[in-house]
Amino acid sequence: MTVPLPPLPELTTPLRDRVPHPGAVTLPAGPPGVRWRPAVAEDAPAIAELLAAMSTRDHPAWSETLDEVEEALAQRWVELERDTVVAEDAAGTMIAHGTVVETPEPESIVRVFLHGGVHPDHRGRGLGRAMLDWQLARGRERLSSSEHRMPGWLLSYAADRSPEHGALLQAAGFAAARYFTTLEAPLDAERPDRPLPEGVRTVPFSAELSERMRLAKNAAFADHWGSQPVVAEAWESMVGLPSFRADLSRVALLGEEVVGFATVEVNEEDWSRQGFSSSYVGLVGTVREHRGRGLAGALLAEVMDVSRRQGLERCVLDVDTENPTGALGVYQRLGFAATDRDVAYSIEY
């Protein structure tokens, strides 16, 4: 049985009247020998290299690809001059990077994400605190300029294995709001068939189905914590990344209606970090009217089987442990087990 999330409050005043403007937002400063500046598109390789170094401390099994970094810097809703910073040491080596991203076209929550971090060799020098102060100021500037009459959230994520990051966020006024667990399953054996609901068939992802699939994703995730619709531009960027695997992804159709989906990515750069070859399931969802019939489990089982036939050793995904659809239980029954956890922190207005 699906338990819906409680409705968000109906607010009568715009965010600009509820969030104090922070005043002039200036670049971070210090420590001595460190130069702060906005990022530019040409920084993408250096940022990807920095993120790879950060991953050794924060999430050793994966890191962002250069393509993903380039995509993030090119989003039309990101103003590089005002929404990004990087820090360089005296030799010109990038040692910190931060972004403030307000996602476009919200329906019920204005979300501003604070992403970034500091190279492990330079932590403990005050760089993270200086960058977070800037991010908070820019995030509040974003919210205090909004005419939307809905809640406004500042959001950031920290890995359990890096408690100093979570402590920094809590000291700045963030509260732990949600827990996202990484799960892995071996692909060393074929799993029993999981029948699809009557009348439903599955096909690989195709460009023809892309827009219907995006709309189904927005419908399926409408009752998930913090979720907002994915706009077409962001969706097409995601499925256009080289790591996206249309042949491994699956779409469930009832007639011509998309009623479920599973998207899959493969990043071979992560395999040496993980110690095995893998596919990553980025999204699994079932449109609400079709839940409770085993569709999500059948989709995921098919994705796992086709990944196994491709010679991959494990399947990886992340799940909100309080997901109202009972997704965690579905995954565990397919052999997934927890390996890591991230915490979502929020300040809500």
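A quick note: this is a predicted structure, and the numbers were derived from the prediction, not measured. Below, each value reflects all heavy atoms present in this structure, side chains not excepted, and no hydrogens, waters or symmetry copies.
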What I want to find out is whether E147 reaches R16 closely enough, with some N-O distance under 4.0 Å, to be called a salt bridge. yes
Does E313 pair with R308 as a salt bridge, N-O distance under 4.0 Å? no
Indicate whether the side chain of Q228 and that of T103 have a donor and an acceptor atom separated by less than 3.5 Å. no
Taking the side chain as C-beta and beyond, is there a heavy-atom pair between T99 and V78 under 4.5 Å? no
Side chains of L283 and F221, heavy atoms from C-beta outward: is any pair under 4.5 Å? yes
Do L295 and L196 come close enough that some side-chain heavy atom pair is under 4.5 Å? yes
Smallest heavy-atom separation, A137 atom then P22 atom, equals O-CG, 3.2 Å
Yes or no on salt bridge (Lys or Arg N to Asp or Glu O under 4.0 Å) for D223 and R291, after CA distance, side-chain angles and deciding distance? CA-CA 13 Å; D223 58 353; R291 291 178 187 166; 2.8 Å; yes
Y345 and M54: same hydrophobic cluster, using ILVMFWY side-chain contacts below 4.5 Å? no
Salt bridge present between R57 and D121 (N-O < 4.0 angstrom): no
Straight-line distance of L299 CG to T286 OG1, nearest 0.5 Å: 6.5 Å
Which pairs, with at least one residue in residues 184-214 and sequence neighbours excluded, count as a ring pair (Phe, Tyr, Trp, His ring centres under 6.0 Å)? F205-F244
Counting distance only, does the side-chain N/O of R250 pair as donor-acceptor with the main-chain N or O of D247 below 3.5 Å? yes
Minimum heavy-atom separation for L187 and S307, please, with both atom names. CD1-CB, 3.7 Å
Considering only heavy atoms from C-beta outward, does the side chain of Q135 approach that of L132 to under 4.5 Å? yes
Any V118 side-chain heavy atom under 4.5 Å of I95 side chain: no
Are R309 and D305 close enough for a salt bridge, meaning some N to O gap below 4.0 Å? yes
Distance-only polar pair, side chains of E269 and T65, donor-acceptor under 3.5 Å: no
Determine the minimum heavy-atom distance between L328 and L183, stating which atoms define it. CD1-CD1, 4.0 Å
Tell me the closest heavy-atom pair linking S279 and L248, and the distance in Å. CB-CD1, 4.5 Å
Please give me the minimum heavy-atom distance between F336 and C315, naming the atom from each residue. CE2-O, 3.4 Å
Is there a donor in the side chain of S162 and an acceptor in the side chain of D58, or the other way round, less than 3.5 Å apart? yes
N/O donor to acceptor pairs below 3.5 angstrom from side-chain atoms of residues 26-34, sequence neighbours left out:
none

Check this for me: does any side-chain nitrogen of one of R245 and E265 sit under 4.0 Å from a carboxylate oxygen of the other? no
So does E256 pair up with R212, basic N to acidic O under 4.0 Å? yes
Roughly how far, to the nearest 0.5 Å, is CG of D83 from CG of L73? 11.0 Å
Output, in order, the C-alpha distance, side-chain angles, deciding distance and verdict of side chain to side chain contact (heavy atoms under 4.5 Å, CB included) for V239 and L241. CA-CA 6 Å; V239 301; L241 286 169; over 6 Å; no
Does a donor on one side chain sit under 3.5 Å from an acceptor on the other, for E236 and S210? yes
Would D188 and R314 pass as an ion pair if we require N to O under 4.0 Å? no
Check for me, please, whether L317 and M213 land in the same ILVMFWY cluster - side-chain distances under 4.5 Å, paths through other members count. no
Is a side-chain donor or acceptor of S227 paired with a backbone partner of H224 at a separation under 3.5 angstrom? no
Check: R161 side chain, D340 main-chain N or O, donor-acceptor pair, under 3.5 Å: no
For S346 and E348, which I'm curious about, is there any donor-acceptor pair between the side chains at under 3.5 Å? yes
Would you list the pairs meeting ring pair (Phe, Tyr, Trp, His ring centres under 6.0 Å) in which at least one residue belongs to residues 262-283, sequence neighbours left out? none
I'd like to check H21 versus E141 (side-chain heavy atoms, cut-off strictly below 4.5 Å). Are they in contact? yes
May I ask you to decide if A219's main-chain N or O and R288's side chain share a donor-acceptor pair within less than 3.5 Å? no
Under 3.5 Å donor-acceptor, T93 side chain and D89 backbone: no
Does A252 offer a backbone N or O that forms a donor-acceptor pair with the side chain of R201 under 3.5 Å? no
The criterion is side-chain hydrogen bond (donor to acceptor under 3.5 Å, both in side chains); which residues satisfy it with E211, sequence neighbours excluded? R214
Kindly state each residue pair satisfying ring pair (Phe, Tyr, Trp, His ring centres under 6.0 Å) with at least one member in residues 71-123, sequence neighbours excluded. F113-H115, H119-H122
Under 3.5 Å: donor-acceptor pair, side chain of S249, backbone of V264: yes
Any side-chain heavy-atom pair of T181 and D318 under 4.5 Å: no
What's the shortest heavy-atom distance between A172 and I347, and which atoms? O-CD1, 4.1 Å
If we ignore hydrogens and angles and just use 3.5 Å, is the side chain of R111 paired with the main-chain N or O of L154 as donor and acceptor? no
Is D43 salt-bridged to R37, cutoff N-O under 4.0 Å? yes
Side chain to side chain, T84 and V86, heavy atoms closer than 4.5 Å: no
Separation between OG of S277 and CG of L312, rounded to the nearest 0.5 Å: 5.0 Å
Show, in sequence, the C-alpha distance, side-chain angles and deciding distance for V319 and V284, and conclude whether the side chain to side chain contact (heavy atoms under 4.5 Å, CB included) test is met. CA-CA 10 Å; V319 62; V284 182; over 6 Å; no
Under the side chain to side chain contact (heavy atoms under 4.5 Å, CB included) criterion, do V258 and L253 qualify, and how do the steps go? CA-CA 5 Å; V258 174; L253 296 168; 3.6 Å; yes
Do the side chain of S146 and the main chain of L143 share a donor and acceptor less than 3.5 angstrom apart? no
Check the side chains of Y349 and R140 for a donor-acceptor pair under 3.5 angstrom, ignoring hydrogens and angles. yes
Residue pairs meeting ring pair (Phe, Tyr, Trp, His ring centres under 6.0 Å), one or both in residues 130-151, sequence neighbours left out, come to none
